[in-house]
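The model shown is predicted, which means the values in this text are computed figures rather than measured ones. Quick note: numbers below take in every heavy atom, side chains included, and nothing from hydrogens, waters or symmetry partners.
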Amino acid sequence: MCCDIIFRLKGILEFACQLDNPNGAQSQGTISKSFQGLQSKVSSKNIVLTVCNSPVLIWPNTGFQSNVESLTEASSCGDILQYIELDDSGTKKSSKKKDKKKSGPTVVNMKLLFEVTEPAGNEAPSLIRVSTQQHCVKMPLPLDCVLSVTTDESMATVCTGLVEALNKQLADMEEVVLRYRKGSSFLVPQPFHFQLPEPAGFTTVIYPAGVPDSQLQDAREDLHNRFKLPSDRPYLRRANAFHFPDAAYKDGYLRNPHIHLNPPNIEDAKLYLVQGVYSYHHYMQDRVDDDGWGCAYRSLQTICSWFQQQGYVETAVPTHTQIQQALVDVGDKEPRFVGSRQWIGSIEVQAVLNQLLGVTSKIMFVSQGSELTTKGRELANHFQTEGTPVMIGGGVLAHTILGVAWSENTGQIRFLILDPHYTGGEDLQTITDKGWCGWKGPEFWDQNAYYNLCLPQRPKTI
């Protein structure tokens, strides 16, 4: 992310309009007029921006008024961080100090408010009688705007940028509402933020609620063309949405613990790593006691989580029972296999990925562990082109390979291993300090045991 601060502004506006004839041509103009009214509202002097967990209130359309005297129109936006309060654990929710293990920019969360208007005068209300039947449409619009800036930008620039973002988002919401409405039936437009390859960068897209990704193919094709994105992988499915660094994952699994590791010190070596986001699945999770037999299942779950979180599939990560049933369904196992504590290997992982996710895989055979040192080029190529986690099984053990550090000149290699045999809680420091996720040398493998590696391939789709 090429910025120091992300300002994220959220709020709810109510859309309302009266339609004489929901299917008539004039209804489109009525809907557009209602959205124009909302845009006028966010451009009015009554709009107020409040910084969460702070006393800061800002009137962005009145030459910048704030209830914190030291903040002025010319103030650096980084100055706002000093007012953000401590959370319950006593740590700052945002800080000027850079955290060495910080994986993203500082996020300043803001809310959209409006001042209550002045009381009306003594004018008598006017009454209008409408003789025709009308349809009243109301729905909430969940506004969610972001602005990426460096800390030395002025507060005036931030305020102007946020108001412009609000107006653009309302215009995009109008387009989505008109495109997907059916008579007086409207779908709520929902904003999603994406971190796209440069030069597109941080981008917000509006999708209609209730319409699955599988039915938004045409919309994504238009966006891929607009942002000049490759047409062979998802960038703009809901699962690809940017995860803000201050937001917790609700399912409790750790994501990408490897990003907190330092790279190995190998001369002339380049890093070839998993691309995207995965969840760490290991022994004893999900109230399943699979200690001693479930390592390959857990490695498979990590791989499935990668395909889910990259937007290739919308199905949940399969349970042990679902994995076993899939192997029965493809004829690989007998029905009594379901509910057992039997091991599976790379070939079974390949079969389950194909059966449950429609994902094909390549299998790499190694007759003994010592040969893995010669597979640097093949593994480097896999992580460069496919970028998926690799399951490796040998003897009675299975692991997940997340990348390699490999020198083309010397042939030296280190393997980035995610170990499914971990039985503890989701403690990132323990996992990284104790090597449950860590860089391993060639001696990590049993030099005399054979290994099969399952290399999942990306589907060619958007």
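Side-chain contact, Y280 with H258: no donor N or O sits under 3.5 Å from an acceptor N or O. Between the side chains of S361 and Q457, no donor-acceptor pair of N or O atoms lies under 3.5 Å. Checked by atom type, the side-chain pair Q275/Q310 shows no donor-acceptor distance below 3.5 Å. Between the side chains of S299 and T400, at least one donor N or O sits under 3.5 Å from an acceptor N or O. Between the side chains of Q28 and R181, no donor-acceptor pair of N or O atoms lies under 3.5 Å. Judged by distance alone, the side chains of S279 and Q309 do bring a donor and an acceptor atom under 3.5 Å apart. Using modelled atom types, one finds no donor on one side chain facing an acceptor on the other under 3.5 Å when comparing N225 with E221. Counted by atom type alone, T302 and H282 present zero donor-acceptor pairs between their side chains at under 3.5 Å. Side-chain contact annotation: Y253 with D286, donor-acceptor N/O pair under 3.5 Å present. Side chain to side chain, R414 and S407 fail the donor-acceptor criterion of an N or O pair below 3.5 Å. Between the side chains of D152 and T150, at least one donor-acceptor pair of N or O atoms lies under 3.5 Å.
Note: Y312 and W306 have parallel aromatic rings, judged against thresholds of 30 and 60 degrees for the angle between ring planes. Using the six-membered ring where Trp is involved, H193 and F202 have ring planes that are parallel, under 30° apart on the 30 and 60° scheme. Using the six-membered ring where Trp is involved, H320 and Y297 have ring planes that are parallel, under 30° apart on the 30 and 60° scheme.
Once rounded to the nearest 0.5 Å, the distance linking SG of C437 with CG of L418 reads 5.0 Å. Here the straight-line distance linking atom CD of E378 with atom NZ of K362 works out to 9.5 Å at 0.5 Å rounding.
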Exercise. Apply side chain to side chain donor-acceptor pair (under 3.5 Å) to S40 and S43, showing your working.
Key: CA-CA 5 Å; S40 296; S43 299; over 6 Å; no
Practice problem: Might you work through the side-chain contact (heavy atoms from CB on, under 4.5 Å) test for S346 and I392, ending with a clear yes or no? | Solution: CA-CA 7 Å; S346 304; I392 177 171; 5.9 Å; no
Quiz item: Could you walk me through whether Q36 and E174 pass the side chain to side chain donor-acceptor pair (under 3.5 Å) check?
Solution: CA-CA 9 Å; Q36 290 169 9; E174 177 187 348; 5.8 Å; no
Exercise. Show your reasoning for whether side-chain contact (heavy atoms from CB on, under 4.5 Å) applies to I323 and L300.
Key: CA-CA 9 Å; I323 291 169; L300 172 56; 3.7 Å; yes
Self-check item: Worked verdict on H382 versus Y272 for ring pair (Phe, Tyr, Trp, His ring centres under 6.0 Å)
Solution: CA-CA 9 Å; H382 169 81; Y272 305 89; over 10 Å; no
Quiz item: Where do L416 and L261 land on the side-chain contact (heavy atoms from CB on, under 4.5 Å) test, with the steps shown first?
Solution: CA-CA 10 Å; L416 180 54; L261 300 173; 3.7 Å; yes
Self-check item: Evaluation steps, ring pair (Phe, Tyr, Trp, His ring centres under 6.0 Å), between F35 and F15
Solution: CA-CA 7 Å; F35 271 100; F15 169 85; 4.8 Å; yes
Practice problem: Determine, stepwise, if the pair R8 / M110 fulfils side-chain contact (heavy atoms from CB on, under 4.5 Å). | Solution: CA-CA 6 Å; R8 187 181 190 189; M110 307 180 76; over 6 Å; no
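Side chain of Q308 to backbone of T315: a donor-acceptor contact under 3.5 angstrom is found. At least one donor-acceptor pair closer than 3.5 Å links the side chain of S76 to the backbone N or O of T151. Between the side chain of H224 and the backbone N or O of P230 there is at least one donor-acceptor pair closer than 3.5 Å. Remark: side-chain polar atoms of N256 are paired, donor with acceptor, to backbone N or O of Y278 under 3.5 angstrom. A distance-only check finds no donor-acceptor pair linking the side chain of D232 to the backbone of K460 [under 3.5 Å]. Of the possible polar contacts, none joining the N354 side chain to the Q350 backbone as a donor-acceptor pair under 3.5 Å is found. Panel note: side chain T385, backbone N381; a donor-acceptor pair is recorded below 3.5 Å. Looking at R377, its side chain never comes within 3.5 Å of a backbone N or O of E408 through a donor-acceptor pair. Put simply, the side chain of Y207 never gets that close to the backbone of G210: no donor and acceptor are under 3.5 Å apart. Between the side chain of S66 and the backbone N or O of I58, no donor-acceptor pair lies under 3.5 Å.
Using a 4.0 Å cut-off between a side-chain N of Lys or Arg and a carboxylate O of Asp or Glu, R179 and D218 do not qualify as a salt bridge. Salt bridge annotation for R226-D222: absent, with no cationic side-chain nitrogen under 4.0 angstrom from a carboxylate oxygen. Remark: E348 engages K333 in a salt bridge, criterion side-chain N to carboxylate O under 4.0 Å.
For the side chain to side chain contact (heavy atoms under 4.5 Å, CB included) test with C145, the passing option among L112, T204, L166 is L166; the others fail.
The shortest side-chain heavy-atom distance between L453 and L379 falls under the 4.5 Å cut-off. A heavy-atom distance below 4.5 Å is found between the side chains of W436 and H421. Between L143 and L13, the closest side-chain pair of non-hydrogen atoms falls below 4.5 Å. Contact annotation: the side chain of V107 approaches that of P245 to within less than 4.5 Å [non-hydrogen atoms, C-beta and beyond]. The closest side-chain heavy-atom distance from S154 to E73 is not below 4.5 Å.
In this structure, K41 satisfies the cation-pi test against F114, with its NZ or CZ atom closer than 6.0 Å to the six-membered ring centre and inside 45 degrees of the ring normal. A cation-pi arrangement is present between R255 and Y249, with the terminal nitrogen or guanidinium carbon under 6.0 Å from the aromatic centre and inside a 45° cone about the axis. Cation-pi geometry between R298 and Y283 is not satisfied (NZ or CZ under 6.0 Å from the ring centre, within 45° of the ring normal).
Summarising the geometry of P257 relative to T432, their closest heavy-atom pair is O-CG2, 3.9 Å, with the distance given to 0.1 Å. For H399 against P420, the heavy-atom pair with the smallest separation is CA-CD, 3.9 Å. Nearest heavy atoms, I431 versus G425: CD1-O, 4.2 Å. Residues L372 and F415 come closest through the heavy atom pair O-CZ, 3.6 Å. Here the shortest heavy-atom pairing between A200 and F227 reads CB-CD2, 4.0 Å. The minimum heavy-atom distance between L236 and R220, with the atom names listed, is O-CD, 3.8 Å.
Taking a 6.0 Å sphere around CD of Q322, one finds it holds more than 12 heavy atoms contributed by other residues, nucleotides or ligands. More than 12 heavy atoms of other residues, nucleotides or ligands shown are found within 6.0 angstrom of CH2 on W59. Heavy-atom neighbours of K228 NZ from other residues, nucleotides or ligands within 6.0 Å: at or below the threshold of 12.
Aromatic ring centroids of F244 and F242 lie under 6.0 Å apart.
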